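Just so it is clear: chains get the letters A, B, ... in the order the sequence lines come, proteins before strands, and each one is counted from 1. Basis for what follows: all heavy atoms, side chains included, without hydrogens, waters or symmetry-related copies. Bear in mind the structure is a predicted one, so any value in this text is a computation, not a measurement.
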There are 2 protein chains.
Amino acid sequence: MRTLTIGQLAREAGVNVQTVRYYERRGLLAEPPRRESGYREFPESDVARLGFIRRAQALGFTLAEIGDLLSLRVDPQTTSADVHRRVEAKLKDVGEKMADLRRIRSALRELATSCKAHGPVGDCPFLDALDAQGH
Amino acid sequence: MRTLTIGQLAREAGVNVQTVRYYERRGLLAEPPRRESGYREFPESDVARLGFIRRAQALGFTLAEIGDLLSLRVDPQTTSADVHRRVEAKLKDVGEKMADLRRIRSALRELATSCKAHGPVGDCPFLDALDAQGH
DNA sequence: GTAGACCCTGTACGTAGGTACCGAGTCAAG
DNA sequence: CTTGACTCGGTACCTACGTACAGGGTCTAC
């Protein structure tokens, strides 16, 4: 299997080298094997893993939560029921985020179509829709 | 119209007083009128505005982006076409976030149903689905 | 008219998530 | 076998987003 140095990994994932080391310290990336010299040899799959971390982050998950998400995959210490409970909790989070996004989206759409109608702007108070609802 | 002191606003919105002042400095809340004494008098609508800010933040928008979103509503300096362009850009962001959430959700669901099947956990490498796709 | 809760400004401190710099060792190409 | 790019670990620094504290004025209920 092809392996990557930290620099190659960072370049392919679009993050910087220090960030990779930081994630390793935080436990988001497994500690990779090393060459004699001490150079890390990352599996290629870590490119995708970094991509996941970045996307999850952009959705407002903290690194701790992302660690949770990633650890859900294999963790021989925990029971099936336990995993299931954690998955359900994450699904609830995700559902709430989706609902919020849908509200923002529909307000933006309303803004787009309504303001298109009356040429010069000036009063397009449609984003108020966002404020009004929920929580 | 009923007005709120900073403490009342903070309590109703579930944030702390310093945070309200911070948002005001950042331009996310309009500077409210003051009493003789210098006490701020917030309109009640700022409760909702704070709620919006918090929800948008939980979706990974920065305060600067949230400021953008909020300023889309009324800004007499800008043209209709300009607003429209900015709205479209935000819609694109939102669409990408939704897509990412959908992927996370479907991976979580797969994890939930698959792991339920084989009692003791140990190897449930389904979250890999997340890594594989996109971007 | 005073006690306790609240507000003012200003500045300092805290946390999450990186990012940069250092001195030293490693690697690949010419 | 040297040169330039890369890597190592360690520590220091930075930005975004708050949060706390200090010293002083205000409000309201008794």
*For the atom pair CZ (B/R26) and OG1 (B/T19), what is the distance rounded to the nearest 0.5 Å?*
12.5 Å
*Is the distance from OP1 or OP2 of D/dC8 to the nearest side-chain N or O of A/S37 less than 4.0 Å?*
no
*asked:* Within the structure provided, determine whether A/R55 and B/K97 are in side-chain contact (heavy-atom separation under 4.5 Å).
replied: no
*Does any N or O donor sit under 3.5 Å from an N or O acceptor when you compare the side chain of A/Y23 with the base of C/dG18?*
no
*Examine C/dA16: is either OP1 or OP2 under 4.0 Å from a nitrogen or oxygen in the side chain of A/T62? Give yes or no.*
no
_Looking only at the side chain of A/R21 (C-beta and beyond, no hydrogens), which of the listed nucleotides D/dT7, D/dG18, D/dA20 gets closest?_
D/dT7
*Length of the line joining B/E41:CD and D/dC27:C1', which is rounded to integer Å*: 13 Å
*Nearest-nucleotide wise, let me know which of B/N16 and A/R11 is further upstream toward the 5' end of DNA chain D.*
A/R11
*asked:* Rounded to whole Å, how long is the line connecting atom CD of B/E31 with atom C1' of C/dC7?
replied: 16 Å
*Looking only at side-chain N and O atoms, does B/R40 come under 4.0 Å of OP1 or OP2 in C/dC8?*
yes
*For A/L50 and C/dG18, give me the distance from atom CG to atom P, rounded to whole Å.*
11 Å
*CD of A/E41 to CZ of A/R34: how many Å apart, nearest 0.5 Å?*
10.5 Å
*A/R34 CZ to D/dC8 P: how many Å, rounded?*
6 Å
*Nucleotide D/dC6, atom P - distance to CD of A/Q18 in whole Å*: 13 Å
_With a 4.0 Å cutoff (strictly under), does any side-chain N or O of B/R26 reach OP1 or OP2 of D/dC17?_
yes
*Would you mind reading off the distance between B/F42 atom CZ and C/dC7 atom C1', rounded to a whole angstrom?*
11 Å
*asked:* Check B/E12 with B/R2, please: is the shortest side-chain N to carboxylate O separation under 4.0 Å?
replied: yes
_Minimum-distance nucleotide (side-chain atoms of A/R35 versus C/dC27, C/dG17, D/dC27)_ = C/dC27
*Rounded to the nearest angstrom, tell me the gap between atom CD in B/E12 and atom P in C/dC6.*
14 Å
_Whole-Å gap separating C1' (D/dA16) and CD (B/E65)_ = 12 Å
*The side chain of B/Y22 lies closest to which of these nucleotides: D/dC17, C/dC8, C/dT19?*
D/dC17
*Roughly how far apart are A/L91 CG and B/I104 CD1, rounded to 0.5 Å?*
10.5 Å
_Side-chain donor/acceptor contact of B/Y39 with base of C/dC6 under 3.5 Å_ = yes
*Any A/Q57 side-chain N or O less than 4.0 Å from OP1/OP2 of C/dG18*: yes
